[in-house]
Amino acid sequence: MHDSQYGRRTFLAGAAGATLIGVGAGREPVRQTTAGLVRGKATAVPGVTAWLGIPFAAPPVGALRWQPPHPPIPWAGVRDATRFGASPCAPSMPGVSLDYSPDRMSEDCLTLNVWAPPEDGRRRPVMVWIFGGAFVMGSSANPRYDGAQMAAEGTVFVSINYRVGILGSYVHPELSSESPAGVSGNYGLMDQIAALQWVKDNIANFGGDPDNVTIFGQSAGAFSVGFHLVMPQSRGLFHKGIAQSGAPMGRPSSSILLGRQADMQKEGVAFAQRMGASSIADMRRMDAMYLVTTYGFNWLFYPNIDGWLIPDHPCTLMEAGRCANVPVIAGHNHDEGRVFPPLGGGTLSGLQASLQENYGTYAPEILRVLQAQGSTDPAVMGQEAFGDVVFNWNSVALFMAMSRVSKSYAYRFDYAHASTKPDSFVKGQGLGAFHGAEIDFALRTCRFDVPERRAEQERLMNTLSGYWLNFARTGTPNGAGLPYWPEYQVGSGKVLRFGEGTPALDDIAFRERLVLLGRAMDNRMVEQA
């Protein structure tokens, strides 16, 4: 994060007289930002305007590759903001059905998008969406993340891009020597902080309240929310958080997208050698997509505990109260692992080896529990264990830890009839409430392509998004027309279950499995749930 971008509102005083250009019916949707004027466009949702592809940082190219984000380059005149910016560079994944493939990818990807309702003099709550993708892929241009319907409900909705994969997390001693803090990596998280700073400095010009910002995301976006809760540089840039399926709370590993700086330094040196590079200058001269495709879908580099941006393990920081004192919603889906390759590759011997790696001496016991709770198919058990290791334990640990710091609301999404279903890695298996199934309901982007379930899905969408919208407005999900959702209390063991009927309190799922996983990590917090 470049010094001149953080800690002050650049250009705002000088632009104060022109902050509401174009306000009013029939006028051009032009707004002032700290870098220049932007023109948006009307959306298909009546009254909602979108400004797309707004730069919040300079293009991280050339000498700026693997540097903290620098301030956006100012422009003259009015910039067209009617088209999404390029998506972050990411490799393709043959043989896997993804819900969205970007039409444009570029290293020059640090843009964000704003959807806003008509201005009426009120400051609207702001919701900032952080996409998922395991910190190796993803795009704010995904139609599932369209913010028009949420804006129509009275919010200013923002979605952001950030660097992913080798371009977003690369760690190398030479890069660390360039840094005043003596660290490298975590560039994608720094991009997110730069985007939140942009929101603080600019969102009032779009009708948003910079003092009422909710960050939320799914998968890697949920992990990101967890990181923002403990990163000192994020403090004050948001006021509430929603983590949908994920949090960096467990044992550092690629499975929970949390590493250690020293380990990644070694990996960085080895990767540069494999690329035939003798210096970071050599690496910066390489084509971005060549780096990305060569790196592929590896998890050598991902967010790491560097002692500066991430001062310590997030779970340790939260338990010590060294985190943002903000309300949080956190939870997971019932069948998180169903769309992922199973631990162990689908064979019993492979599963036993993977369980030994993840559970140590508790491996035989967890295998017995998995066999007793459902299918004895090694592939199905491997997917259940994957869901526990990556998503379920971490989500429970997050809402537990934050309940001791602030208000915390816990949920589980059990609805097994979502419209957008990717192909299963285990053919013929029902996907249930799979990873990501809740997104369309939370963001009001359901396609309702199962006609016989349309009324049911509409009710669920209005309920789930209604809780999210209330939370963004007031810091509590509760409001008129919705079942009461109590704050999570340690020892209650209760979460709000979203299924086919009315939301209701239910026991934490898979508790016996999660307790064993915690013991394997020498972390007993879930036993107190």
Side-chain angles (χ1 to χ4, degrees), residues 96 219 245-247 249-251 253-256 331-400 410-418 421-438 493-495 497-500 506-529:
V96 177
S219 196
S245 300
M249 302 294 285
R251 180 170 48 206
S253 71
S254 60
S255 296
I256 68 157
H332 63 91
N333 295 358
H334 189 275
D335 306 294
E336 293 282 6
R338 294 283 180 88
V339 293
F340 295 97
L343 288 184
T347 68
L348 181 58
S349 60
L351 176 62
Q352 289 171 325
S354 290
L355 293 179
Q356 182 66 41
E357 180 182 352
N358 284 280
Y359 292 83
T361 57
Y362 295 95
E365 190 172 354
I366 191 65
L367 181 60
R368 286 194 295 271
V369 173
L370 286 166
Q371 290 171 330
Q373 288 187 349
S375 173
T376 58
D377 182 340
V380 175
M381 290 189 290
Q383 289 182 314
E384 291 293 310
F386 181 93
D388 288 348
V389 170
V390 182
F391 305 112
N392 302 337
W393 190 93
N394 292 294
S395 295
V396 172
L398 178 63
F399 65 65
M400 284 188 64
Y411 77 89
R412 189 179 71 249
F413 186 87
D414 282 14
Y415 187 70
H417 310 287
K421 287 193 174 183
D423 293 336
S424 174
F425 280 88
V426 178
K427 301 301 180 183
Q429 177 190 322
L431 294 179
F434 59 89
H435 184 64
E438 86 294 351
K494 298 293 184 181
V495 302
R497 176 187 180 272
F498 293 98
E500 295 177 38
D506 196 7
D507 293 334
I508 291 174
F510 322 124
R511 181 164 178 165
E512 187 177 4
R513 288 167 18 196
L514 301 185
V515 165
L516 289 171
L517 178 57
R519 290 178 181 176
M521 297 188 292
D522 197 26
N523 187 323
R524 302 294 182 101
M525 66 185 304
V526 174
E527 295 184 37
Q528 305 165 22

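Starting from 1, each residue takes its place in the sequence as its number. All values derive from a computational prediction rather than experimental measurement. Values reported hereafter were calculated over all heavy atoms of this structure, with side chains retained and with hydrogens, waters and symmetry mates removed.
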Chemist: What's the shortest heavy-atom distance between Glu357 and Arg251, and which atoms?
Modeler: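 Residues Glu357 and Arg251, closest heavy atoms: O-NH2, 4.2 Å.
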
Chemist: Between Phe340 and Phe391, is the ring centre distance below 6.0 Å?
Modeler: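 Yes - the distance between ring centres of Phe340 and Phe391 falls below the 6.0 Å cut-off.
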
Chemist: To the nearest 0.5 Å, tell me how far Leu398 CG sits from Trp393 CH2.
Modeler: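 Taking CG in Leu398 and CH2 in Trp393, the distance rounds to 10.5 Å.
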
Chemist: What closest approach, in Å, do Leu351 and Leu343 show between heavy atoms, and which atom pair accounts for it?
Modeler: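 For Leu351 versus Leu343, the nearest heavy atoms are CD1-O, 3.7 Å.
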
Chemist: Examine distances only and state if a side-chain atom of Asp335 and a backbone atom of Ala433 form a donor-acceptor pair shorter than 3.5 Å.
Modeler: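 Yes; judged by distance alone, with no hydrogens or angles, the pair exists.
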
Chemist: Minimum heavy-atom separation for Met249 and Asn394, please, with both atom names.
Modeler: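 In terms of heavy atoms, the two residues are closest at N-OD1, 3.3 Å.
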
Chemist: Provide the closest heavy-atom pair for Gln383 versus Arg338 in the form atom of the first, atom of the second, distance.
Modeler: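 Taking Gln383 first and Arg338 second, the nearest heavy atoms are NE2-O, 3.1 Å.
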
Chemist: Does a salt bridge link Arg511 with Glu527, judged by any charged N lying under 4.0 Å from a carboxylate O?
Modeler: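 Salt bridge between Arg511 and Glu527, a charged N being under 4.0 Å from a carboxylate O: no.
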
Chemist: Backbone N or O of Phe413 within a donor-acceptor pair of the Glu438 side chain at under 3.5 Å?
Modeler: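 Here the side-chain-to-backbone pair does not exist.
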
Chemist: Applying side chain to side chain contact (heavy atoms under 4.5 Å, CB included) to Asp388 and Phe510, what does each step give before you reach the verdict?
Modeler: CA-CA 8 Å; Asp388 288 348; Phe510 322 124; 4.1 Å; yes

Chemist: At their closest point, which heavy atom of Ser255 faces which heavy atom of Val390, and how far apart are they?
Modeler: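 That would be O-CG1, 3.2 Å.
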
Chemist: Under a 3.5 Å cutoff, is there a donor and acceptor pairing between the side chains of Glu336 and Asn392?
Modeler: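 Note: Glu336 and Asn392 side chains miss the donor-acceptor criterion.
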
Chemist: Can the ring centroids of Tyr415 and His334 be said to lie less than 6.0 angstrom from one another?
Modeler: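 Not close enough - the centres of the two rings lie 6.0 Å or further apart.
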
Chemist: Does Lys494 pair with Asp506 as a salt bridge, N-O distance under 4.0 Å?
Modeler: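 A salt bridge is absent here (no side-chain N lies under 4.0 Å from a carboxylate O).
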
Chemist: Please output the side-chain donor-acceptor pairs of residues 360-372 that fall under 3.5 Å, not counting sequence neighbours, one pair per line with the distance.
Modeler:
none

Chemist: Quick check: are there more than 12 heavy atoms from other residues, nucleotides or ligands sitting under 6.0 Å from CD of Glu500?
Modeler: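 Check passes, neighbour count above 12.
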
Chemist: Write down the atom of Pro342, the atom of Ala379, and the distance for their closest heavy-atom approach.
Modeler: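 So the minimum-distance heavy-atom pair works out to CB-O, 3.2 Å.
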
Chemist: Out of curiosity, Leu517 CG to Tyr359 OH, how far, rounded to the nearest 0.5 Å?
Modeler: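 These two atoms lie 4.5 Å from each other.
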
Chemist: Residues in salt bridge (charged side-chain N to carboxylate O under 4.0 Å, His left out) with Asp414, at least two apart?
Modeler: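 Arg412, Arg497.
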
Chemist: Tell me, with the steps shown, if Gln373 and Glu384 meet side chain to side chain contact (heavy atoms under 4.5 Å, CB included).
Modeler: CA-CA 10 Å; Gln373 288 187 349; Glu384 291 293 310; over 6 Å; no

Chemist: Quick check: does any side chain N or O of Ser375 sit under 3.5 Å from a backbone N or O of Val380, one acting as donor and the other as acceptor?
Modeler: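 Between the backbone of Val380 and the side chain of Ser375 there is no qualifying donor-acceptor contact (under 3.5 Å).
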
